[in-house]
Novice: 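Before anything else, here's the structure in question.
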Amino acid sequence: MALHPSLLLLLLIFDRLSAARHVSVQTGGSITFPCSYDLNHINHVKYWCQGLGWDVCSYVVRTDHPKSSGKTSISDDINKRIFTVTMTDLVSRDYGNYRCVVEINGGTDFMIQRFYLSVTPGTPELYVEQQEVTGVEGGSITVCCYYSNSGDMKWCRMGGDCVSGNSGTLNGTSVTLMRTSDANNRKVLTVTMSGLKMENTDWYWCRVGELEMPVHITVSQQTATQRTSKITSTTQDPTPQQPSASPTAEPVQTDNTSQGAEGNMEEVHQRSIDVKVLLISLGMLVVVTAGILVTWNMWRRHKDNKAKDQTTNNSVDPFPEAEDDVTYSTVILQHKTQLKGQTKSAEPDDNVVYSSLALQVTTQVSVGLSSVCCTR
């Protein structure tokens, strides 16, 4: 039975004003819709359909088959009891009403959530630059929601409470909301979650007026490297850091580093570098010490040799007294003979051979002395 156009228009208006979540995406962009379900529906088939009402809602993708169709895909996480639908490369004809549904065998299917998707060629009235944001336990994350519409501003956990105003808490985690404008005059709602816990991992909604945008927060455990870095940072700067209020801040975790094996590899690499630096330093110290010892030893030997040479030169007599049986040069012998002749007569020994000049001088001295004795 065909619906009257006026009735169809009323149903459309009612559907738009009801509990449907209104999401706006730019042409060519993509969007992921989260849909949570009860524990009783874990083993049921879930599907994503497009249409205004049950009688005109046609299947797009299903968790059994097909799991993907064109630009749309579906994924079911039974541990978290959430199935997600991702639509990519959106065009204007993709706008309309969509539903998250759980199939009930032998009964009426159970609708989880309704969405109204608008695709605009210009900038959407509400958007985020990243739908997936990652943080570490004990750290903080920042999400920037850019908006051009008006209305109440809230940060809500899917299926849970909301924070409005300037600050509040969600599951024991501090949440602050700050409204600013960036350099491009874009209005920004900056959401900061501090003191993250593992249980904060979930889907959240950034809401301004009737528009909403889903954002997924993932909180992981800190690695040993991150804990050491945090302790060092706290020691060096005891002043607590305030959340960044920059309107251009990226919606990512600022103190998040590599996780798991990457963090361990970084720590091992750093230890290897420290060992190499220590070995190089010790090697240089050994070389310098050996050079000093060799230089000191050479200087000590040089000093000892110089002292021995001076001692030898001082102990040698430059004019040693010659024995009678030694032959000297005629000049030195003549001088010594004249000196000896003044104290005693020097008759040459037949056993000693002198030079002819020395013997002549000795004979003349002897004759002179004989003449003196005879005269007396």
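The figures here come from the full heavy-atom set of this structure, side chains too, leaving out hydrogens, waters and symmetry mates.
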Novice: For the pair K187 and D182, find out whether any cationic side-chain nitrogen is under 4.0 Å from an anionic carboxylate oxygen.
Specialist: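 Salt bridge between K187 and D182, a charged N being under 4.0 Å from a carboxylate O: no.
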Novice: Does one hydrophobic cluster hold both L177 and L170, with members joined at side-chain heavy-atom distances below 4.5 Å?
Specialist: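 Yes, L177 and L170 fall within the same hydrophobic cluster.
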Novice: So, T63 versus D76: side-chain donor-acceptor pair below 3.5 Å or not?
Specialist: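 Not at all, the side chains of T63 and D76 share no donor-acceptor pair under 3.5 Å.
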Novice: What is the distance from atom OG1 of T134 to atom CD1 of I141, rounded to the nearest 0.5 Å?
Specialist: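 Separation between the atoms: 10.0 Å.
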Novice: Using the rule that Ile, Leu, Val, Met, Phe, Trp and Tyr join whenever any side-chain heavy atoms are under 4.5 Å apart, tell me whether V91 and L117 fall into a single cluster.
Specialist: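 No; L117 is not reachable from V91 via cluster members.
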Novice: Can you find a side-chain donor-acceptor pair between Y146 and N184 that sits under 3.5 Å?
Specialist: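 Result is no, nothing qualifies.
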Novice: Is there side-chain contact between P214 and Q131, with at least one heavy-atom pair below 4.5 Å?
Specialist: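 They are in side-chain contact.
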Novice: Answer whether the closest heavy-atom distance between the side chains of V85 and T32 falls below 4.5 Å.
Specialist: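 Contact flag for V85/T32 side chains = no.
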Novice: Are L39 and M158 linked, directly or through other ILVMFWY residues, by side chains that come within less than 4.5 angstrom of each other?
Specialist: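 Yes.
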Novice: Minimum heavy-atom separation for M193 to V175, with atom names?
Specialist: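 Taking M193 first and V175 second, the nearest heavy atoms are CG-CG2, 4.1 Å.
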Novice: At what distance, to the nearest 0.5 angstrom, does CG of D202 lie from CD1 of I82?
Specialist: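 One gets 5.0 Å once the value is rounded to the nearest 0.5 Å.
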Novice: Going through the checks in order, is the side chain to side chain contact (heavy atoms under 4.5 Å, CB included) test met by T72 and Y98?
Specialist: CA-CA 12 Å; T72 307; Y98 293 87; over 6 Å; no
Novice: Please examine the side chains of R81 and I42, heavy atoms only from C-beta on, and report whether any two atoms are closer than 4.5 Å.
Specialist: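 A side-chain contact exists here, since the closest heavy-atom pair is under 4.5 Å.
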Novice: For T190 and T180: C-alpha separation, side-chain torsions, deciding distance, then whether side chain to side chain contact (heavy atoms under 4.5 Å, CB included) applies.
Specialist: CA-CA 8 Å; T190 303; T180 56; 4.2 Å; yes
Novice: Is any side-chain heavy atom of L189 less than 4.5 Å from a side-chain heavy atom of C206?
Specialist: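 Yes. Closest side-chain heavy atoms under 4.5 Å.
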Novice: Have a look at V133 and tell me which of V143, V128, T218 forms a side-chain contact (heavy atoms from CB on, under 4.5 Å) with it.
Specialist: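 Only one option passes, and that is V143.
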Novice: Assess whether atom NZ of K67 is packed by more than 12 heavy atoms of other residues, nucleotides or ligands within 6.0 Å.
Specialist: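 No.
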Novice: For the CG atom of D152 and the CD atom of E210, what is their distance to the nearest 0.5 Å?
Specialist: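 The CG atom of D152 sits 12.0 Å away from the CD atom of E210.
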Novice: Is there a donor in the side chain of E103 and an acceptor in the side chain of H44, or the other way round, less than 3.5 Å apart?
Specialist: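 There is no such pair between these side chains.
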Novice: Look at the side chain of T27 and the backbone N and O of T120, then say whether any donor-acceptor pair between them is shorter than 3.5 Å.
Specialist: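 Yes; judged by distance alone, with no hydrogens or angles, the pair exists.
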Novice: Could you grab the distance from atom CG of L90 to atom CE of M87, nearest 0.5 Å is fine?
Specialist: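 Going from CG on L90 over to CE on M87, the span is 5.5 Å.
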Novice: Restricting to non-hydrogen atoms, name the atom on V102 and the atom on I112 that form the minimum distance, rounded to 0.1 Å.
Specialist: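 Shortest heavy-atom contact: CG2-CD1, 3.4 Å.
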Novice: Under 4.5 Å between any side-chain heavy atoms of M153 and R207, yes or no?
Specialist: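 SC-SC contact between M153 and R207 ruled out.
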Novice: Once rounded to the nearest 0.5 Å, what's the spacing between atom OG of S36 and atom NE2 of H41?
Specialist: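 Atom-to-atom, S36:OG and H41:NE2 are 11.5 Å apart.
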Novice: So does N149 have more than 12 non-hydrogen atoms from other groups sitting under 6.0 Å from CG?
Specialist: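 Check passes, neighbour count above 12.
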Novice: Take W48 and F33 through the test ring pair (Phe, Tyr, Trp, His ring centres under 6.0 Å) and record every step on the way to the result.
Specialist: CA-CA 10 Å; W48 176 258; F33 299 93; 5.1 Å; yes
Novice: Using a strict 4.0 Å threshold on nitrogen-to-oxygen distance, state whether D89 and K71 make a salt bridge.
Specialist: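 Looking at K71 together with D89, the answer is no, because their closest N to O distance does not fall below 4.0 Å.
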Novice: For a side-chain contact (heavy atoms from CB on, under 4.5 Å) with I292, tell me which candidate from V294, V288, T295, T289 qualifies.
Specialist: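 In the set V294, V288, T295, T289, the residue that makes a side-chain contact (heavy atoms from CB on, under 4.5 Å) with I292 is V288.
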Novice: Check whether any side-chain heavy atom of S58 lies under 4.5 Å from a side-chain heavy atom of C49, and answer yes or no.
Specialist: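 No; the side chains remain at least 4.5 Å from each other.
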Novice: Report yes or no: do V45 and I104 belong to one cluster of Ile/Leu/Val/Met/Phe/Trp/Tyr joined by side chain heavy-atom distances under 4.5 Å?
Specialist: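 The answer is no; the residues belong to distinct hydrophobic clusters.
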Novice: Okay, side chain of K80, backbone of I78: is any donor-acceptor separation there less than 3.5 Å?
Specialist: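 Side chain of K80 to backbone of I78, a donor-acceptor pair under 3.5 Å: no, none is there.
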Novice: Please verify the inter-ring angle class for Y59 with Y47; under 30° counts as parallel, over 60° as perpendicular, anything in between as tilted.
Specialist: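 The arrangement is perpendicular - the two ring planes meet at more than 60°.
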Novice: Looking at every heavy atom in both V23 and E212, which two are closest together, and how far apart are they?
Specialist: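 So the minimum-distance heavy-atom pair works out to CG2-O, 3.6 Å.
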Novice: Verify the distance criterion only: is there a donor paired with an acceptor across the side chains of T84 and S75 at less than 3.5 Å?
Specialist: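 T84 vs S75: no donor-acceptor pair found between side chains.
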Novice: Any donor-acceptor pair under 3.5 Å linking the side-chain atoms of H22 with those of S24?
Specialist: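 Looking only at side-chain atoms, H22 and S24 do not form any donor-acceptor pair under 3.5 Å.
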Novice: Identify the two heavy atoms, one from L211 and one from E125, that lie closest to each other, and give their separation to 0.1 Å.
Specialist: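 Heavy atoms only, the tightest pair is CD1-CB, 3.2 Å.
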Novice: Between the side chains of R114 and N97, is a donor N or O closer than 3.5 angstrom to an acceptor N or O?
Specialist: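 There is no such pair between these side chains.
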Novice: Using a 6.0 Å cut-off, check whether atom CG of D64 has over 12 heavy atoms from anything other than its own residue.
Specialist: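 Result for CG/D64: enclosed.
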Novice: Looking at W205, is R21 sitting on its ring face, NZ or CZ under 6.0 Å from the six-membered ring centre and within 45 degrees of the normal?
Specialist: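 Judged by the rule, R21 and W205 form a cation-pi pair.
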Novice: If we ignore angles and hydrogens, is there a donor and acceptor under 3.5 Å between the side chains of E137 and S220?
Specialist: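 Looking only at side-chain atoms, S220 and E137 do not form any donor-acceptor pair under 3.5 Å.
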Novice: Which pair of heavy atoms, one from F83 and one from V101, lies closest together, and at what distance?
Specialist: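 Of all heavy-atom pairs spanning F83 and V101, the closest is CZ-N, 4.1 Å.
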Novice: Run the side chain to side chain contact (heavy atoms under 4.5 Å, CB included) test on R179 and N166 for me, step by step, so that the C-alpha distance in whole Å, both residues' side-chain angles and the decisive distance to 0.1 Å come before the verdict.
Specialist: CA-CA 9 Å; R179 300 158 184 81; N166 296 325; 3.6 Å; yes
Novice: Is it true that a side-chain atom of N200 and a backbone atom of K197 form a donor plus acceptor pair closer than 3.5 Å?
Specialist: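 Checking the backbone N and O of K197 against the side chain of N200, a donor-acceptor pair under 3.5 Å is found.
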Novice: Got a donor-acceptor contact below 3.5 angstrom from the T192 side chain to the T176 backbone?
Specialist: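 No.
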Novice: How long is the span from the OG atom in S118 to the CG atom in D94, to the nearest 0.5 Å?
Specialist: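 Here the rounded value is 11.5 Å.
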Novice: Is any side-chain heavy atom of F115 less than 4.5 Å from a side-chain heavy atom of C35?
Specialist: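 Yes; the side chains approach each other to less than 4.5 Å.
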Novice: Return the minimal non-hydrogen interatomic distance between L126 and Y147, and the atom names on each side.
Specialist: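 Reported closest heavy-atom pair: CD1-CB, 3.9 Å.
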Novice: Is R99 reaching over with its side chain to a backbone N or O of L52, donor-acceptor style, under 3.5 angstrom?
Specialist: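 Indeed, once roles are kept as given, a pair shorter than 3.5 Å links the two residues.
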